[in-house]
There are 2 protein chains.
Amino acid sequence: MGSAKFAKEMNALKEHLGKHQLKFTRQREMILTAFLRQEHITAEAMYHQLAKTDPHLGLATIYRTLNLFCDAGIAQARHFGSQTQYDNVSHKGHHDHLICTGCGKIVEFENCEIEKLQEEVAARNGFTIQTHRLELYGLCSRCRH
Amino acid sequence: MGSAKFAKEMNALKEHLGKHQLKFTRQREMILTAFLRQEHITAEAMYHQLAKTDPHLGLATIYRTLNLFCDAGIAQARHFGSQTQYDNVSHKGHHDHLICTGCGKIVEFENCEIEKLQEEVAARNGFTIQTHRLELYGLCSRCRH
DNA sequence: CTTTCTGCAAAAGCTTTGCATTACA
DNA sequence: TGTAATGCAAAGCTTTTGCAGAAAG
């Protein structure tokens, strides 16, 4: 199965489910597998994507499940524009955003130096970083004049 | 008038209005004056705040006006939680946040080196930064053991 | 006077919730 | 067999829009 490579997250989910008397369902497995294939996705996008496989899967179930992933530490919700993006935490730390306030364009970038400085700041304050969010807002070259 | 200290932004607004055949109204003046007194605010919060002064001021007018300020470059919208925060662009004493996922403690910090690297990343991608948001999530010393 | 604004209410997204039914353990 | 999860539809929130009357230039 394709989910073999997602064993780590699958276990994290199962562990969370066990701790909270929740159940491992066909839908949760399907949604997790689809989710882990992307860096970030909206509930609506996942709904359309999975409709091909399971036309009866409800949008509410997707919302409930993505929120469950957040509780389990597998996903992280990020409000962007009018929608919520669910980020794949295992890709995080390599995935910050430059956002044009003029046209909405998003450029993804990673910068190890910034991350190193973040670690320093955290250490200085006695923190151990689990994840972070960095968004730079500005104007792209096309929108600047 | 109390608005004397906000002359710069008031002029920026008037200039934008002039350029676009828009009008300078009592409501726009009132909302701008209230807006400039804070670092950031939601439409709803401003609605309640101004209700004391002008009980007939509509929420729709506040939304329209705050969005106008964004067009004029005086404000900047940032989606946070389920609401939109309108940031006062002239307050650039920007602080970032360290957030403990264990106890919810928030530590504010500033780091010029990180900001310098952000500028570099932006420049490399043809962006001019207006503002940014950096949040580090992790465990504080007390929550770690 | 003409054009733009405002206030109200209604509509429009996105997300959550209630409930009967189904699936898991 | 007892809980929890699902699907559907309805409700809830925040934000936007339509329109008639009011205000600005």
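Protein chains get the first letters and strands the later ones, always in sequence-line order, with residue 1 at the start of each. Predicted model, so just to flag it, every value in this text is computed and none were measured.
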In whole angstroms, how far is the [atom2] atom of [N] from the [atom1] atom of [X]?
X	N	atom1	atom2	value
B:L17	C:dT6	CG	P	10 Å
B:L22	D:dG25	CG	P	11 Å
A:Q21	D:dA5	CD	C1'	15 Å
B:H16	C:dT4	NE2	P	14 Å
A:L68	D:dA4	CG	P	14 Å
A:K14	D:dA4	NZ	C1'	18 Å
B:L66	C:dC5	CG	P	15 Å
B:M30	C:dG7	CE	C1'	13 Å

Task: Ion pair B:D96/B:R133, N-O distance below 4.0 Å - done: no
Show each protein N/O and nucleotides 20-22 of chain D N/O combination with a separation under 3.5 Å, one pair to a line.
none

Open item on the list: Using only atom types and a distance under 3.5 Å, with no angle test, would you say the side chain of A:Q38 pairs donor to acceptor with the backbone of A:A34?
Closed with: yes
Open item on the list: Quick check against the 3.5 Å criterion: does A:N111 have a side-chain atom that pairs as donor or acceptor with the backbone of A:E113?
Closed with: yes
Task: A:Q85 side chain to A:H40 side chain, donor-acceptor N/O pair below 3.5 angstrom - done: yes
- [ ] Working to the nearest 0.5 Å, report the span between CD1 of B:I31 and CZ of B:R26.
- [x] 9.5 Å
Task: Summary of protein contacts for nucleotides 6-15 of chain D, nucleotide by nucleotide, where a base hit scores B, a sugar-phosphate-only hit scores S (4.0 Å, heavy atoms) - done: BBBB----SB
Open item on the list: Using only modelled atom types and a 3.5 angstrom limit, is any donor from either the side chain of A:K23 or the base of D:dA4 paired with an acceptor on the other?
Closed with: no
- [ ] Could you pull out all residues at least two apart from A:D71 that satisfy salt bridge (Lys or Arg N to Asp or Glu O under 4.0 Å)?
- [x] none
TODO: Look at the side-chain heavy atoms of Ile, Leu, Val, Met, Phe, Trp and Tyr, link any pair under 4.5 Å apart, and say whether A:L139 and A:Y137 land in one connected group.
DONE: no
Open item on the list: Side-chain heavy atoms nearer than 4.5 Å, only ILVMFWY residues, links allowed to pass through others: does that put B:F69 and B:Y47 together?
Closed with: yes
Taking distance alone, no hydrogens or angles, what donor-acceptor pairs closer than 3.5 Å link side-chain atoms of residues 59-66 of chain B to residues at least two apart or in another chain?
unit_1	atom_1	unit_2	atom_2	d
B:T65	OG1	B:T61	O	2.6

Task: Under the side chain to side chain donor-acceptor pair (under 3.5 Å) test, residues paired with B:R124 that sit two or more places apart - done: none
Open item on the list: Run the salt bridge (charged side-chain N to carboxylate O under 4.0 Å, His left out) test on B:K19 and B:E15 for me, step by step, so that the C-alpha distance in whole Å, both residues' side-chain angles and the decisive distance to 0.1 Å come before the verdict.
Closed with: CA-CA 6 Å; B:K19 267 202 196 105; B:E15 191 176 325; 3.5 Å; yes
TODO: Would you mind reading off the bend of the helix from C:dC1-D:dG25 to C:dA25-D:dT1 from its two end axes, five pairs each, to 10 degrees?
DONE: 40°
